[in-house]
Number of protein chains: 2
Amino acid sequence: MKSYGEFCALARALDVIGDRWTMLIVRELLIGPSRYSDLTRALPGIATNLLAQRLRTLEETGVVASSEEPAPVSARVYFLTEWGLGLQRSLVELARWGAPLMAAGAGDDHNRGRWLVFAIMALYPEAAALPTQARFPTLTARIDADGDSLLLVSGSTGVRASVTNSDESAEVTIAGTSEQVFALLSGGCADTPARITGSADALRRLSELTSTALTAGHDPADLPA
Amino acid sequence: MKSYGEFCALARALDVIGDRWTMLIVRELLIGPSRYSDLTRALPGIATNLLAQRLRTLEETGVVASSEEPAPVSARVYFLTEWGLGLQRSLVELARWGAPLMAAGAGDDHNRGRWLVFAIMALYPEAAALPTQARFPTLTARIDADGDSLLLVSGSTGVRASVTNSDESAEVTIAGTSEQVFALLSGGCADTPARITGSADALRRLSELTSTALTAGHDPADLPA
DNA sequence: CTGCATCCGCTTCGATACTG
DNA sequence: CAGTATCGAAGCGGATGCAG
């Protein structure tokens, strides 16, 4: 893309990551290091030449780096540099703004369970942003949605989620489409069609957690102390 | 722009504001309500038809609204809706990531003093993010840069800046190019070419303030007191 | 003068095919 | 698997025109 040519922090940031697809590539690399083919699968509709060009530009600007493993299988892995990792706050904040747009449902859009990692970061504020008394309940949850498996860990320091490839279980297991899981996590839906299993106590803590989601109620209800 | 067609909060946000120029239009409206011609002047290089189309789209999606004043002079004013105002955190966070790119200087880029409003929001964290002991010094400063006049107000709750058209003075007056003012505000430059006037005590508080800038350099040089 | 719409050359995007 | 090559379609940038 052509530079905006403005001496402005936002414009300069957009000169680097403002191109179409670029922020979504960064999103994928924030979820985890990826190979080229992983990215093509995670970004339905991207043209292969565009992905190649974006990755080249991102490497030139120092946002992304890659490691070539000429080992048994050729495996070039792309990952964010330290500077690129600094984009997490920005992109999560954007996702937080866009999260209400998810309430309309998935429609004909593509679904990936891994994108819930981002949705979870957007739905639950950092613990530092909470009132002193408020705390997230301690809970581990396994989420199986649209082919991806996620591990959600909630504790006093906040809520974290990551993709996992292990099939170990957690206190709660949630299975469904990512649309169903999102509706559940965003705090509505007592009658969710997602399939949830776990002990009564764990389910209670899950309910406690989802009630703190940022897009949950318009009224700033207090968290249970 | 074509929708990404992804059931993802970030992708849906970018469906609304991901187009070229769109975030910069929102930036201008975050700085303050603007007329069409204000926007063309504040966005050097934008094609007039593009601006018109972006504004139309932003109105359709509910980010921007406009009021027609069929008064003496025709004056349609564009401003952000409540939802659009919610973009401030996201864009400031992006600007915060991009701020280090300003250290290289302005080069041939266009300059506008008003963009410093955004730079200031990026450079100084919200007071809530500060350690309990740390506090911004109380200070008012007037900034004259590249044809725009800004009023900076620092207090225990944080640092705020806005464009002003009055010519009243403040405790400190800073004049120079936006490049010079940015260098000063980002905490480096003991020997800034910007012209600073004010009482010795006010200058000391200015120095105290700039030393808290997020990109505050490797060497926290003090300002001349 | 402000607030656009129209037209045109050029770049970029999207889709598919092809190669090391 | 990890890209490059190609080509029609869409979008952008710049100039101009024009109505209120």
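Lettering follows sequence order; numbering is per chain, from 1.
- Taking only side-chain nitrogens and oxygens, Arg56(B) never comes nearer than 4.0 Å to OP1 or OP2 of dC4(C).
- Of all the heavy atoms in Pro44(B) and Trp21(B), the pair that sits closest is O-CH2, 3.5 Å.
- Proximity of Arg20(A) to the phosphate of dG14(C): a side-chain N or O atom is located under 4.0 Å from OP1 or OP2.
- Taking a 4.0 Å limit (strictly below) on heavy-atom distances, residues 42-55 of chain B reaches DNA chain D at Gly45(B), Ala47(B), Thr48(B), Asn49(B), Leu50(B), Arg54(B).
- For the pair Lys2(A) and dG11(D), the criterion of a side-chain N or O lying under 4.0 Å from OP1 or OP2 is not met.
- Here the side chain of Asn111(B) pairs no donor or acceptor atom with the backbone of Phe7(A) at under 3.5 angstrom.
- Checked options Thr164(B), Asp167(B), Asp144(B); the residue passing with Ser149(B) is Asp144(B) (criterion: side chain to side chain donor-acceptor pair (under 3.5 Å)).
- Residue Tyr4(B) places none of its side-chain N or O atoms closer than 4.0 Å to OP1 or OP2 of dG14(C).
- Using a 4.0 Å cut-off between charged nitrogen and carboxylate oxygen, Arg96(B) and Glu93(B) count as a salt-bridge pair.
- Between Asp15(B) and Arg12(B) no salt bridge is recorded (no basic side-chain N to carboxylate O distance below 4.0 Å).
- Ion pairing between Glu28(B) and Arg41(B) fails under the 4.0 Å rule for side-chain N and carboxylate O.
- Arg76(B) has no side-chain polar atom (N or O) that falls below the 4.0 Å cut-off from OP1 or OP2 of dC1(C).
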